[in-house]
Amino acid sequence: MGIKGLMKFLQDAAPKAIREIDSQQAYTGRLMAIDASMCLYQFMIMIRENRSGSYQNLTNAEGQETSHIVGMLSRTIRLMENGIKPVYVFDGKPPELKLGELAARRQKREQAEANLQAAVEAGNAEEVLKSTKMTTRVTKEHNEQTKTLLGLMGVPVVDAPSEAEATCAALCRDGKVYAAATEDADCLTFGTKVLVRNLMAAESQKKQILEVSLERALEQLNISMDQFIDFCILSGCDYCDTLKGVGPSTAIKLLMQHGTIEKVIEEL
DNA sequence: ACTCTGGTTCAAGACGCG
DNA sequence: TTAATTGAACCAGAGT
DNA sequence: CGCGTCC
């Protein structure tokens with residue numbers, strides 16, 4: 001999914017497009033688009049506590065999960081303390097083209113539930129945790145509650161018509177935000193001018209903040225934006241079947257050779 | 001021997017105290 | 001008709 | 001840093 005290894009490819013083929021950033025301070029005063037749905041998913045998975053053998057999310061007095069609230073609150077406060085102005089983008093309806101994968105994932109999930117049952121009975125804590133994570137979901141209510149929280153904090157929220165990443169990219173392309181802060185390189189395909197990686201993970205996980213410039217990537221690859229999109233399609237993306245035997249390396253070669261995706265296809 | 005693809009598997013927050 | 005990620009790291013195997 | 005807590 002996504003374009004496999006796109007970041008790695010860019011690091012090899014267009015290193016000048018990638019800049020190392022010292023700290024979050026570099027973005028003081030800047031608007032940054034963030035995929036909220038992705039954040040929530042991670043919060044629901046990670047913010048838990050082992051209570052009597054089962055790994056449960058944090059909850060309020062009524063037993064409603066609150067992990068997403070705690071996670072979003074602390075993360076957003078940290079960003080704001082550094083003067084960053086986050087714009088959270090929520091997923092809309094999944095694109096039709098992704099529905100095809102639904103059956104396979106449902107099966108996986110059912111298996112995880114069975115796995116969980118077995119692990120509980122066997123008292124295998126590690127396995128319980130793993131299976132619990134695999135069965136974790138983010139509901140519509142979690143999303144709504146988070147939007148309310150952000151609203152109260154004065155943080156702007158955007159509802160994407162479909163995929164959040166596409167809307168993050170559009171916001172950046174149209175100059176509404178400085179960059180899209182995401183790990184998803186697909187954002188570049190959608191036209192993000194600037195993509196910031198590891199914005200959150202930098203401090204806690206000792207990762208380097210990386211800033212990717214779409215313009216400089218195109219420059220260095222010596223291709224146009226249209227060609228870059230063609231390149232991504234050839235490499236294999238969410239929206240169509242992959243070509244057998246064609247990954248990023250082959251795709252860029254073919255494209256350099258023939259110029260457009262249409263001519264590449266003709267040659268095959 | 002080397003390169004590349006493709007399948008599988010795994011891990012994923014943030015804070016503060018000592 | 002609830003809600004269902006994602007990428008990176010690793011390894012096997014095909015192609016050159 | 002390791003570990004417990006956050007609700």
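Naming convention: chains lettered A, B, ... in sequence-line order (proteins, then strands); numbering from 1 in each chain.
The side chain of A:T59 lies closest to D:dC7 when the candidates are C:dA8, B:dA12, D:dC7. Closest to the side chain of A:I45, out of B:dA12, D:dC7, B:dG13, is B:dA12. Ranking D:dC7, C:dA3, B:dT5 by closeness to the A:R137 side chain, first place goes to C:dA3. When distances run from any side-chain atom of A:F43 to the nucleotides C:dT5, B:dG13, D:dC7, the shortest one goes to B:dG13. The listed nucleotides are B:dC4, D:dC6, C:dT5; the one nearest the side chain of A:L58 is D:dC6. The A:E49 side chain lies nearest to D:dC6 when the options are D:dC6, C:dA8, B:dC4. For A:I47, counting side-chain heavy atoms from C-beta on, the closest listed nucleotide (C:dG7, B:dT5, B:dG13) is B:dG13. Closest to the side chain of A:Q42, out of B:dC10, C:dA8, B:dA12, is B:dA12. When distances run from any side-chain atom of A:V70 to the nucleotides B:dC4, D:dC7, B:dA14, the shortest one goes to D:dC7. Proximity note for A:M46 (side chain, C-beta onward) versus B:dA12, C:dA3, B:dA14: the nearest is B:dA12.
Using a 4.0 Å heavy-atom criterion, one finds that A:K140 contacts the sugar-phosphate atoms exclusively.
In the hydrophobic clustering of this structure, A:M200 does not group with A:L195; members are Ile, Leu, Val, Met, Phe, Trp, Tyr whose side-chain heavy atoms approach within less than 4.5 Å, directly or through other members. Residues A:F190 and A:I34 fall into different hydrophobic clusters, defined by Ile, Leu, Val, Met, Phe, Trp and Tyr side chains chained together at heavy-atom separations under 4.5 Å.
Here the separation of B:dG18 from D:dC7, taken at their C1' atoms, is 24 Å to the nearest Å. Taking the P atoms as reference points, B:dA12 lies 15 Å from D:dC3, given to the whole Å. Separating the P atom of C:dA9 from that of B:dG13 is a span of 15 Å, rounded to the nearest Å.
Regarding A:L129, its CG atom lies at a distance of 13 Å from the P atom of B:dG13, rounded to whole Å. Note: CE (A:M72) to C1' (B:dG13) measures 11 Å, nearest angstrom. Rounded to whole Å, atom P of D:dC7 lies 18 Å from atom CG of A:N50. Across the protein-nucleic acid pair, A:R197 atom CZ and B:dA12 atom P stand 16 Å apart, rounded to whole Å. The interatomic distance linking A:N57 (CG) with D:dC7 (C1') rounds to 10 Å, in whole Å. If you measure from atom CZ of A:R48 to atom P of B:dA14, you get 16 Å, rounded to the nearest angstrom. Atom CG in A:D186 sits about 9 Å away from atom P in C:dT6, given to the nearest Å. Counting to the nearest Å, the C1' atom of B:dG16 and the CD atom of A:E203 are 14 Å from each other.
With a 4.5 Å cut-off on side-chain heavy atoms, A:E165 and A:D91 do not count as touching. Within the 4.5 Å cutoff, side-chain heavy atoms of A:V194 are placed close to those of A:Y178. Side-chain contact check for A:F90 versus A:T167: every heavy-atom pair is 4.5 Å or farther apart.
At B:dC10, one or more side-chain N or O atoms of A:K130 fall inside 4.0 Å of OP1 or OP2 (strictly under the cut-off). Contact check, A:K206 against D:dC1: a side-chain N or O comes under 4.0 Å of OP1 or OP2. Contact between the side-chain N/O atoms of A:R75 and the OP1/OP2 oxygens of B:dA14 is found at a separation under 4.0 Å. Between A:R78 and B:dC15 there is a side-chain N or O to OP1 or OP2 distance below 4.0 Å. Between B:dT5 and A:T250, a contact under 4.0 Å exists linking OP1 or OP2 to a side-chain N or O.
The 5' end of DNA chain C is approached more closely, in terms of each residue's nearest nucleotide, by A:E141 than by the other of A:E141 and A:M7. Nearest-nucleotide positions on DNA chain B place A:S249 closer to the 5' end than the other of A:E126 and A:S249.
Between the side chain of A:R51 and the base of D:dC7 there is at least one donor-acceptor pair of N/O atoms closer than 3.5 Å. Side-chain atoms of A:Q64 and base atoms of D:dC7 include no donor and acceptor less than 3.5 Å apart.
No side-chain N or O of A:Y41 forms a donor-acceptor pair with one of A:T136 less than 3.5 Å apart.
With salt bridges taken as basic N to acidic carboxylate O contacts below 4.0 Å, one links A:E203 and A:R78.
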